[in-house]
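Encoded as structure tokens, the structure appears first; notes follow it.
We name chains A, B, ... by the order of the sequence lines, and we start the count at 1 in each one.
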Amino acid sequence: MRYPFSDIEPKWQRYWDEHSTFKTTEDPAKPKYYVLDMFPYPSGSGLHVGHPEGYTATDIIARYKRMKGFNVLHPIGWDAFGLPAEQYAIKTGIHPAVTTKQNIETFRRQLKMLGFSYDWDREVNTTDPKYVKWTQWIFSQLYKQGLAYIDEVPVNWCPELGTVLANEEVPEQQEKGYTVIRKPMRQWMLKITAYAERLLQDLDELDWPESLKEMQRNWIGKSVGAEVDFAIDGDEKIRVFTTRPDTLWGATYMVLAPEHPLVAKITADGHREAVDNYIEKASRKSDLERTELAKEKTGVFTGAYAVNPVNDERIPIWIADYVLINYGTGAIMAVPAHDQRDWEFAKTFDIPMREVVSGGNIEESAFVDAENGVAVNSDFINGLKYEEAFEKVVQWLEEKGLGKRTVNYKLRDWLFSRQRYWGEPFPVIHKEDGTHKLLPESELPVTLPEMESYKPAGTGESPLATVPEWVNTTDPADGAPAKRETNTMPQWAGSCWYYLRYMDPHNDDRFLDPEREKYWGMVDLYVGGTEHAVLHLLYARFWHKVLFDIGAVSTKEPFKKLVNQGMILGEDGRKMSKSFGNVINPDDVVRDYGADTLRLFEMFMGPLEQVKPWNTKGVEGVHRFLNRVWRLFVDESVENEARLDPAIQDVEPDEESLRILHKTIKKVGEDIEHMRFNTAISQMMIFVNEMNQKDVRPLGVMKQFVLTLAPFAPHIAEELYSLLSFFSEDISEDERQSRYSESVALAGVELSVSNEPWPEYDERYTVDDTIELVLQVQGKVRDKIQVAKGTSREDLEKLARESENIRKHIDGKEIVKVIAVPDRLVNIVVKG
RNA sequence: GCCGGGGUGGCGGAAUUGGUAGACGCGAAGGACUUAAAAUCCUUUGGACCGAAAAGUCCGUGCGGGUUCGAGUCCCGCCCUCGGUACCA
């Protein structure tokens, strides 16, 4: 019988479902392992081949760890709020919950089709009111900690559409000719900046890719410097932030951000029109435009002057949009000789520059080298290098009360509200006196109202604002009229804590039972794409730390080890996309080759972290391999039924079989631990190639091989294992299947590859007795000989000198040196 | 620009961290089986030279240097490429 993947795969999926084979165990005698996939958004287009890449990797680990005796938590669920369902609802009037449910069903079917060993009893869904309740609860904790506040923040407002756009929507709408402007609106903010330092520091102890940690560090953007006050006419002063207080003497002008509050106050009469014009122009630029047009420096002089505190020099104050209002103090001292941006600005507007750090050529460009520069023209710090100069100036400023050491972060507070329907409502009401308060926990969850239409309110508010019977409510505390918050939470909210809910998914009394939390602790392995390198991972870490601070979790970080899987490109080497017509649908692959083939191929393509192109021929290659595996066990001459090949015999294994088996067990196990799935598979291919040549394939050897294959290709492994389980009995396929199924009742154990321990290898069989020794002259391979393992240096050297080929190269020459590395090589160095 | 990853056969990729470069797979070529095809199996497959063959010699891991008995691996300087980020003072 030929490899019947389309029969056996659904059969075993049903078997695992019926037997709850992958139900999470919490046996206190065993160690735990928590392996997690990044939360999928159930889009309408279903799974693409990128999903199963990471999922297969984690599934292999999960299955392997179970076999190694761990309690494994390997869950899945749905990050199901989000824009697409809402946009579809606006177009069709169909409730987003309906589309979401359909999409989830598709995803679930596809994941089951691939044989992933998730504990489906722990499936979570962010849109489920039972889940929403606890998302709102966590928000309440943030609120109580003073980490949530309301602010007027500019959003992307599109007047024609009467709606606020997400950043990623902006270019799309602009292409259609709509205008998008920055409009300040009332928004919820989360004070992630309060955690900036800890988010930065704690990165060090995480087992994450260095590149990703670096991205987070850059995003947090810590810089150490000083705030310095510059006096201006009247009692006012301008405070600036600088990382180079040692260049204060080189400040030849100042710049305020156009939005800086002092601008109106200081602008001299003759300059008011120009300044107002500039401010007006800058305000109409979106963030994008402001950075896209970054090449040319623009700005205007305010007519005002400030006094440089180190030398009492009067310097002009400009406004320019290269200074950003929301970084530092929104104002800078400009040192054109030692800052490239200031240099460009000064060149454009013909402002003088003064060299205060020697070592460069400021005619050509700003000199910013802090390592080699030495202070000049700088009074009491002349001759000092950067670090010393910095310290001395800061100390001086602090003594005089003119400034102080300061740390700044690029990281901004998190804009945490969206003007949308399909998201979690805030558990907040607004009182008539303008104050707001949390709803008590007993009122949670606040659920979404049914809608006539999902169109935005037109005012910039969410569609919820158009439902007065939902908006108008009373304060449960005093019965006074109140209005509900109409913003909803962003999609990040649900995905910020889902990994915690998996530990205790059905708890209606608490978001997570402390015992459960302590048991499962950190996620041991987290696998997902780089697209979440910064935001999701930073937000989740932030929430986790807040929960840690209130004692709700016991670890300060959520994810111990993190691995990014590389993208899978189309066969043409381009990103898979409908417009290129190069999208591979996993359904098609499974139909044509089976789930085991898809799993195996995705792992065989190359290292998990790497970007790699799809290759249909390669799929056929691994499919061929599984066919070979099948034929290693199954007698193809028997029709319609899988019967063991007569070559499988219950005999004492021969030395050769043991060697290849133990090498394979060792390599595959080690490769799984290091997530080198591609080389694990090639080792199994080597095993199959060798055993294929044997007329007798010892039962014990073959059984253990099936177990090593099981994490990768669980369906075929389960089928072969069931065959081997009844080796000595001549029974029909149906009987075999039913006895296997009823094994729990019959023998007290459920038969499944998943319940078998990972095979042990014997080191003895993994090393060969004889080794091919390389003989070199001048580092060039001249001969190879077989020697017994462990042959001494002296003997190796003697053998080398006896080699004819070696003699050819050394005869008549002076031997300078002989390097003999046991079990590896001999290298003879000669002269002349 | 800055930060990070990566350049190895026709292709995807191996190479125990300084010790046989090219495992395994794909593709290609030849052969067996077959009326034929598919499937399967066997052989060959980095390049050049030499040879009837066996063997042998030289070149070869983006480029140029260096360290070393020995470099894909370490050091210095470049080039290309992919990701991230971008006026963050």
Side-chain angles (χ1 to χ4, degrees), chain A residues 2 209-215 217-219 221-223 225 240-244 247 255 257 290-297 320-324 326-335 338-342 344-345 368 408-412 530-531 533-534 564 566-567 569 573 600-601 604-607 609-622 624-625 627-628 631 636 667 670 676 678-686 688-689 692-693 772-784 804-805 808 816-821 823-830:
Chain A
R2 300 196 51 196
E210 201 45 48
S211 62
L212 195 144
K213 290 203 231 179
E214 202 54 32
M215 278 189 224
R217 286 188 193 110
N218 291 340
W219 192 264
K222 180 179 183 174
S223 50
V240 301
F241 173 71
T242 175
T243 54
R244 295 295 301 271
T247 62
V255 185
R290 234 161 116 158
T291 50
E292 259 173 30
L293 302 172
K295 285 138 209 148
E296 297 264 314
K297 292 275 181 294
D321 64 3
Y322 83 90
V323 172
L324 308 173
N326 37 21
Y327 182 78
T329 60
I332 61 158
M333 65 169 197
V335 184
H338 305 291
D339 181 289
Q340 192 57 32
R341 294 151 302 180
D342 298 344
E344 282 162 18
F345 190 85
V368 295
N408 245 300
Y409 299 92
K410 258 175 17 182
L411 185 69
R412 316 275 167 75
T530 348
E531 63 272 23
V534 177
N564 286 126
M567 209 191 342
L569 304 175
L600 215 53
F601 174 66
F604 188 61
M605 293 171 81
E609 307 82 6
Q610 217 161 86
V611 178
K612 43 210 175 279
W614 187 263
N615 180 349
T616 301
K617 286 289 180 191
V619 179
E620 285 169 11
V622 291
R624 216 170 295 162
F625 164 67
N627 268 298
R628 283 160 71 92
R631 286 198 309 271
E636 278 206 289
K667 173 123 184 86
E670 286 174 356
R676 296 185 297 237
N678 52 335
T679 50
I681 293 166
S682 76
Q683 181 60 36
M684 292 191 280
M685 287 172 166
I686 292 169
V688 170
N689 290 346
N692 212 10
Q693 290 161 17
E772 191 183 41
L773 188 82
V774 172
L775 304 180
Q776 300 179 327
V777 178
Q778 311 291 65
K780 285 191 170 142
V781 182
R782 294 303 178 188
D783 202 1
K784 296 169 187 177
E804 211 172 304
N805 268 320
K808 253 191 343 210
V816 181
K817 199 174 177 185
V818 177
I819 294 119
V821 184
D823 299 341
R824 215 149 272 207
L825 52 70
V826 176
N827 185 15
I828 300 174
V829 187
V830 293

Report yes if at least one side-chain N or O of Ser223(A) is closer than 4.0 Å to OP1 or OP2 of A89(B); otherwise report no. yes
Looking at the side chain of Asn689(A), which of A14(B), U40(B), G25(B) is the nearest nucleotide? G25(B)
Report yes if at least one side-chain N or O of Arg676(A) is closer than 4.0 Å to OP1 or OP2 of A14(B); otherwise report no. no
Report yes if a side-chain nitrogen or oxygen of Gln610(A) is closer than 4.0 Å to either non-bridging phosphate oxygen (OP1 or OP2) of G13(B); otherwise report no. yes
So, OP1 or OP2 of A39(B): does either fall under 4.0 Å of a side-chain N or O from Arg624(A)? no
Hey, does Pro607(A) reach any base, or is it just sugar-phosphate, or nothing, if we go heavy atoms under 4.0 Å? sugar-phosphate
Would you mind classifying the nucleic acid contact of Glu620(A) as base, sugar-phosphate or nothing, using non-hydrogen atoms under 4.0 angstrom? nothing
For RNA chain B, whose closest nucleotide is more 5', that of Asp783(A) or that of Met605(A)? Met605(A)
Any Arg628(A) side-chain nitrogen or oxygen under 4.0 Å from OP1 or OP2 of G25(B): no
Flag this pair as yes if the NZ/CZ of Lys297(A) is under 6.0 angstrom from the six-membered ring centre of Tyr322(A) and inside a 45 degree cone about the axis; otherwise no. yes
Distance below 4.0 Å between Asn805(A) side-chain N/O and G56(B) OP1 or OP2: yes
Quick check on U20(B): is either OP1 or OP2 less than 4.0 Å from any side-chain nitrogen or oxygen of Lys784(A)? no
Under 4.0 Å: is that the gap between some side-chain N or O of Asn678(A) and OP1 or OP2 of A14(B)? yes
Met685(A) has its side chain closest, among G19(B), C58(B), C24(B), to C24(B)
Arg631(A) side-chain N/O to A39(B) phosphate OP1/OP2 under 4.0 Å: no
Looking just at side-chain N and O atoms, do Arg631(A) and Asn692(A) make a donor-acceptor pair shorter than 3.5 Å? no
